[in-house]
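Every value quoted in this text rests on a predicted model; they were computed, and no experiment measured them. Numbered from 1 within each chain, the chains take letters A, B, ... in sequence-line order. All values below come from the heavy atoms of this structure, side chains included, with hydrogens, waters and symmetry mates left out.
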Amino acid sequence: AQTVTQSQPEMSVQEAETVTLSCTYDTSESDYYLFWYKQPPSRQMILVIRQEAYKQQNATENRFSVNFQKAAKSFSLKISDSQLGDAAMYFCAPQTQGGSEKLVFGKGTKLTVNP
Amino acid sequence: GAVVSQHPSWVICKSGTSVKIECRSLDFQATTMFWYRQFPKQSLMLMATSNEGSKATYEQGVEKDKFLINHASLTLSTLTVTSAHPEDSSFYICSARNWGLAGDNEQFFGPGTRLTVL
């Protein structure tokens with residue numbers, strides 16, 4: 001079974017600064033997807049960014065980018081120019097392949113953005 | 001597009017009663033739906049995966065006779081918590097995906113249902 005480790009239960013960042021959230025995972029698969037989801041206080045899960053494991057290029061979505069190290073099984077999220085609205089729980093989630101393609105969520109990192 | 005709704009958003013029930021939660025994909029056909037449970041300050045834990053027209057696949061440790069899942073149409077899945085007890089109080093979230101969208105592995109999440117069992 002896949003395991004996901006988010007070693008930072010809480011992080012804080014000053015508005016406009018950059019913060020990196022870490023995630024490591026364990027999988028025996030060679031091709032898979034990785035996701036970062038954001039859960040604000042409303043508790044609605046929002047997709048932040050996704051990465052396909054067979055692609056070497058790191059995914060970027062505006063202020064959000066990832067550092068994907070396949071061999072190290074590391075998938076960190078960098079948030080640039082942090083905004084107050086970025087405050088939320090962030091979950092890393094690799095997706096199993098074959099069959100149902102389930103998401104396996106890490107325990108999450110609570111991000112606080114200070115004005 | 002890709003909106004998923006849940007109903008109700010909040011429900012309170014007495015111990016021993018059953019509660020049904022609906023999950024609907026509003027603008028796409030959801031061939032697969034997932035049900036998660038999230039306890040306070042914890043992560044999402046997958047309970048089961050349901051495919052339209054077939055029996056749900058439950059994760060290890062989830063009682064299938066207690067958490068009944070029905071996915072009778074391509075836009076609706078229901079989770080029924082039978083004989084609910086206070087320890088079943090939690091936040092239940094569904095998600096949906098459409099296998100027909102080639103190359104799209106994204107799950108679209110509902111807003112969640114808060115269940116409180118007294």
Trace of the side-chain contact (heavy atoms from CB on, under 4.5 Å) decision for A/Arg43 with B/Arg114: CA-CA 10 Å; A/Arg43 304 192 77 170; B/Arg114 182 184 301 279; 3.4 Å; yes
Kindly indicate, with the supporting measurements, whether the criterion side-chain contact (heavy atoms from CB on, under 4.5 Å) is fulfilled by B/Tyr36 and A/Leu103. CA-CA 10 Å; B/Tyr36 298 86; A/Leu103 290 171; 3.9 Å; yes
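Interface residue A/Gln39: only side-chain heavy atoms are found under 4.5 Å from chain B. Looking at A/Ile46, there are no atoms closer than 4.5 Å to chain B (heavy atoms on both sides), in backbone or side chain. For a residue to count as touching a neighbouring chain, one of its non-hydrogen atoms must lie under 4.5 Å from one of that chain's; by this rule B/Gln38 touches chain A with backbone and side chain alike. Proximity to chain A is limited to the side chain of B/Leu46, based on heavy atoms less than 4.5 angstrom apart.
Put simply, the side chain of A/Met45 does not reach to within 4.5 Å of the side chain of B/Gln107, judged on heavy atoms.
Note that NZ of A/Lys107 and CD of B/Gln42 are 8.0 Å apart. Values are rounded to the nearest 0.5 Å. Distance check, rounded to the nearest 0.5 Å: NZ of A/Lys102 to OG1 of B/Thr57 gives 8.5 Å.
Here the side chain of B/Ser43 pairs a donor or acceptor atom with the backbone of A/Gly106 at under 3.5 angstrom. Looking at A/Gln44, its side chain does come within 3.5 Å of a backbone N or O of B/Phe109 through a donor-acceptor pair.
Within 6.0 Å of NZ in A/Lys110 there are 12 or fewer heavy atoms belonging to other residues, nucleotides or ligands. Around atom CE of B/Met45, no more than 12 heavy atoms belonging to other residues, nucleotides or ligands sit under 6.0 Å away. Other residues, nucleotides and ligands contribute over 12 non-hydrogen atoms within 6.0 Å of the NZ atom of B/Lys66. Heavy-atom neighbours of A/Asn62 CG from other residues, nucleotides or ligands within 6.0 Å: at or below the threshold of 12. Within 6.0 Å of CD in A/Gln57 there are 12 or fewer heavy atoms belonging to other residues, nucleotides or ligands.
Using a 4.5 Å cut-off between side-chain heavy atoms of Ile, Leu, Val, Met, Phe, Trp and Tyr, with links allowed through other members, B/Val117 and B/Met47 fall into the same hydrophobic cluster. No path of Ile, Leu, Val, Met, Phe, Trp and Tyr side chains, each step under 4.5 Å between heavy atoms, connects B/Tyr58 with B/Leu44, placing them in separate hydrophobic clusters. B/Trp10 and B/Tyr92 fall into different hydrophobic clusters, defined by Ile, Leu, Val, Met, Phe, Trp and Tyr side-chain heavy atoms under 4.5 Å apart, directly or through other members.
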